[in-house]
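These numbers were taken from a predicted model, which means no experiment stands behind them.
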Amino acid sequence: MNTARHASERLMSWPSLVADRAPCGAELGLRTETQEIVHFHGEHEADVHLTRAMIARLRPAILGSSAVRLRAGSGWVTVRLDMGSDIDLLATLVSAALQATGAPYPAGDLAPDHCTRTGRPFVRS
């Protein structure tokens, strides 16, 4: 089962998101008028632009999920999409990302970073 496809189909029905190719090269990304919000790598992973400030607020919950990976210094998280509940988690994080990226450059993010695929190590604490 391609959970990324199911997740993207669900999110594409949201009126605030439009499909677009991601700057990192991922074939499918979803964005608002001003910000990339989520994009999909393969059949089982999505990167969500939460912003550093939102990650700081959600950190305890994020660290409690085995489906979410953080990268040091990044405003993006990677969500592993293995089952339906992971799609629900992704939808929740995309909703938080939409709140966090309401401004062109969210507070706490001096310059937007475009993907978790930058070679930075994952962090868990």
> Given I55, which of V68, L93, L50 fulfils the side chain to side chain contact (heavy atoms under 4.5 Å, CB included) condition?
Replying inline: L50
> What do the steps show when you test H6 against I87 for side chain to side chain contact (heavy atoms under 4.5 Å, CB included), and what is the final call?
Replying inline: CA-CA 8 Å; H6 290 290; I87 295 172; 3.9 Å; yes
>> Strictly distance-based, threshold 3.5 Å: is any side-chain N or O of T92 a donor or acceptor partner for the main-chain N or O of D88?
In response: yes
> Could you state the interatomic distance from NE2 (H44) to CE (M83), rounded to the nearest 0.5 Å?
Replying inline: 11.5 Å
>> Distance check, rounded to the nearest 0.5 Å: Q99 atom CD versus T51 atom OG1?
In response: 10.5 Å
> Which heavy atom in A22 sits nearest to a heavy atom in H39, and how many Å separate them?
Replying inline: CB-CB, 3.6 Å
> Hey, is the main chain of E43 close enough, under 3.5 Å, to the side chain of T3 for a donor-acceptor pair?
Replying inline: yes
> With sequence neighbours left out, what residues match E27 under side chain to side chain donor-acceptor pair (under 3.5 Å)?
Replying inline: none
> What distance separates E9 CD from N2 CG, expressed to the nearest 0.5 Å?
Replying inline: 8.5 Å
>> Between F40 and L11, is the side chain to side chain contact (heavy atoms under 4.5 Å, CB included) condition met? List the steps.
In response: CA-CA 12 Å; F40 298 88; L11 294 171; 4.2 Å; yes
>> Strictly below 4.0 Å, N to O, side chains only: are R69 and D47 in salt-bridge contact?
In response: no
> Nearest heavy-atom pair of V48 and A97: which atoms, and what distance?
Replying inline: CG1-CB, 3.8 Å
>> For A96 versus M54, what's the shortest heavy-atom pair and its separation?
In response: O-CE, 3.4 Å
> So, the side chain of R71 versus the backbone of V77: is there a donor-acceptor pair under 3.5 Å, distance only?
Replying inline: no
> With under 30° as parallel and over 60° as perpendicular, where do the rings of H49 and W76 fit, or are they tilted in between?
Replying inline: parallel
>> Tell me whether S13 contacts the main-chain N or O of R10 through its side chain, where contact means a donor paired with an acceptor under 3.5 Å.
In response: yes
>> Are I37 and V18 linked, directly or through intermediate hydrophobic residues, by side-chain heavy-atom contacts shorter than 4.5 Å (ILVMFWY only)?
In response: no
>> Salt bridge or not between E36 and R21? Use side-chain N to carboxylate O under 4.0 Å.
In response: no
> With a 4.5 Å limit on heavy-atom distance, are the side chains of T78 and L70 in contact?
Replying inline: no
> Where the side chain of S95 meets the backbone of A91, is there a donor-acceptor pair that is under 3.5 Å apart?
Replying inline: no
> What's the shortest heavy-atom distance between A26 and H41, and which atoms?
Replying inline: CB-CE1, 4.0 Å
> For S8 and L30, which heavy atoms make the closest approach, and how far apart are they?
Replying inline: O-CD1, 4.4 Å
>> To check you understand the geometry: which heavy-atom pair defines the closest contact between L81 and A4, and what is its length?
In response: CD1-CA, 3.8 Å
>> For R31, give me all partners under side chain to side chain donor-acceptor pair (under 3.5 Å), at least two apart in sequence or on another chain.
In response: none
